[in-house]
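Structure first, then comments.
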There are 2 protein chains.
Amino acid sequence: MLKISTRCRYGLLAMVELGQCYGQAPVSAQEIFKKQHIPKLYLQQLLVKLRRNGLVESIRGAKGGFILRKDPKQIKILDIVKAVEGPVQLISCTKQNKDKCCSKIKECLTRPVWVELHEVVNKVLNERTLYDLMR
Amino acid sequence: MLKISTRCRYGLLAMVELGQCYGQAPVSAQEIFKKQHIPKLYLQQLLVKLRRNGLVESIRGAKGGFILRKDPKQIKILDIVKAVEGPVQLISCTKQNKDKCCSKIKECLTRPVWVELHEVVNKVLNERTLYDLMR
DNA sequence: TTGATACTTGACAAAAATAGTCATATATAG
DNA sequence: CTATATATGACTATTTTTGTCAAGTATCAA
């Protein structure tokens with residue numbers, strides 16, 4: 001069904017929250033999960049992934065929390081999705097992934113639709129930034 | 001990761017095979033699974049779904065098999081995907097699905113991206129027909 | 001210095017979805 | 001009559017998703 005995972009949804013929700021407070025004091029996981037009703041420990045996991053991918057910075061201890069490492073205008077939605085889920089690969093036989101292509105790639109009549117879908121999804125996620133979602 | 005399921009991929013492969021033989025003798029599951037290396041019993045299942053959704057007709061007995069019920073030009077890729085997988089719903093909070101929307105739908109800042117993705121994916125699948133994939 | 005708050009890490013676990021199988025029955029051509 | 005084909009529903013294995021837990025580290029504020 002191509003359903004967007006909660007990982008993605010929660011990850012983006014968290015980033016939007018951090019975006020709203022960009023330039024201000026750190027926001028704790030606590031505050032985010034209360035506001036958005038995301039399971040706390042699950043959210044923590046996602047925030048760790050966002051940190052490891054350089055999207056947020058974490059500050060330990062009391063009054064600590066998370067802050068964005070970049071201006072929301074510089075953060076693509078695709079970066080966020082990749083951070084929490086890995087690359088957005090609707091199919092495995094892509095240009096970037098030649099070893100995963102099957103031997104029939106040239107004759108494969110179905111591949112073009114899947115490639116088109118793959119590209120269109122990546123395009124949308126790559127063109128929108130976190131800033132576009134804020135107000 | 002939004003990966004296309006094997007159900008979709010196999011289902012479309014089967015439909016393309018049937019498309020290539022449109023107007024000719026029925027094609028058996030046997031022939032399709034040998035040509036495309038799809039697990040036979042799994043393919044049977046998918047073909048039953050395609051039949052129940054009115055996309056193919058089945059002919060039992062020796063020399064039987066499956067044929068398309070419509071011209072490939074009349075069959076949208078979306079119809080095929082829906083038949084084997086159900087509706088393509090990237091998110092649950094869509095216009096068609098108002099009871100599944102959360103109470104925060106109006107304030108939800110993340111929803112617009114997901115809606116855009118949802119729409120763009122459905123658009124591509126709705127605009128392409130089986131005929132577009134054939135040669 | 002002590003307590004409260006907050007992040008870190010790695011492992012673990014339940015639930016759901018995906019992918020595939022099996023047995024049994026029915027239908028038809030030749 | 002028999003070989004070939006589909007029909008059906010239940011069943012199973014694997015993988016992915018969606019979390020949870022425990023034990024630890026770091027920082028602030030009183």
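All chains are named by letter (A, B, ...) in the order of the sequence lines, taking the proteins before the strands, and each is independently numbered beginning at 1.
Between the side chain of A:Asn53 and the main chain of A:Leu55, no donor-acceptor pair closer than 3.5 Å is present. Within the 3.5 Å criterion, the main-chain N or O of A:Tyr42 finds no donor-acceptor partner in the side chain of A:Arg7.
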Can B:Lys49 and B:Glu85 be said to form a salt bridge (Lys or Arg N to Asp or Glu O under 4.0 Å), step by step?
CA-CA 9 Å; B:Lys49 288 187 181 186; B:Glu85 283 221 308; over 6 Å; no
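Residue contacts shown for B:Arg52 are limited to sugar-phosphate atoms, with no base heavy atom under 4.0 Å away.
Rounded to an integer number of Å, the gap from CG of A:Leu47 to P of C:dC7 is 8 Å. If you measure from atom OH of B:Tyr42 to atom C1' of C:dG20, you get 7 Å, rounded to the nearest angstrom. As a whole-Å value, the separation of B:Ile67 CD1 from D:dT6 C1' is 14 Å. To the nearest angstrom, C1' of D:dT6 lies 12 Å from CD1 of B:Ile32. Taking atom CG of residue B:Leu43 and atom P of nucleotide D:dT8, one finds them 16 Å apart after rounding to whole Å. What separates CD of B:Glu57 from P of D:dT6 is a distance of 13 Å, to the nearest Å. Note: NZ (B:Lys40) to P (C:dA23) measures 14 Å, nearest angstrom. One atom, CG of A:Leu46, and another, C1' of C:dC7, lie 14 Å apart when rounded to the nearest Å.
An OP1 or OP2 oxygen of C:dA19 is reached within less than 4.0 angstrom by no side-chain nitrogen or oxygen of B:Tyr10. Within the structure, every side-chain polar atom (N or O) of A:Ser58 is placed at least 4.0 Å from both OP1 and OP2 of C:dC7.
Atom NZ of B:Lys35 has 12 or fewer neighbouring heavy atoms from other residues, nucleotides or ligands inside a 6.0 Å radius.
Of the candidates D:dG24, C:dA19, D:dA7, D:dG24 carries the atom nearest the A:Arg60 side chain, counting heavy atoms from C-beta on. Distance from the side chain of A:Leu41 is smallest to D:dC21 among D:dC21, C:dA6, C:dT9. For B:Lys63, the listed nucleotide lying nearest its side chain is C:dG30; candidates were D:dG19, C:dG30, D:dT4. With distances taken from any side-chain atom of A:Ser28 to the nucleotides D:dT18, D:dT6, C:dA6, the minimum falls on C:dA6. If you check D:dT4, C:dA19, D:dT18 against the side chain of A:Ser5, the one that comes closest is D:dT18. You'll find that the side chain of A:Arg51 is closest to C:dT9, out of C:dT9, D:dA7, D:dT20.
Between B:Gln30 and B:Lys3, the residue whose closest nucleotide on DNA chain D is further toward the 5' end is B:Gln30. Each of B:Gly61 and B:Leu2 lies near DNA chain D, and the nucleotide nearest B:Gly61 is the one positioned closer to the 5' end.
For D:dT20, its base sits under 3.5 Å from the side chain of A:Gln45 at one donor and acceptor pair at least.
Distance check, rounded to the nearest 0.5 Å: CG of B:Leu47 to CD of B:Gln44 gives 6.5 Å.
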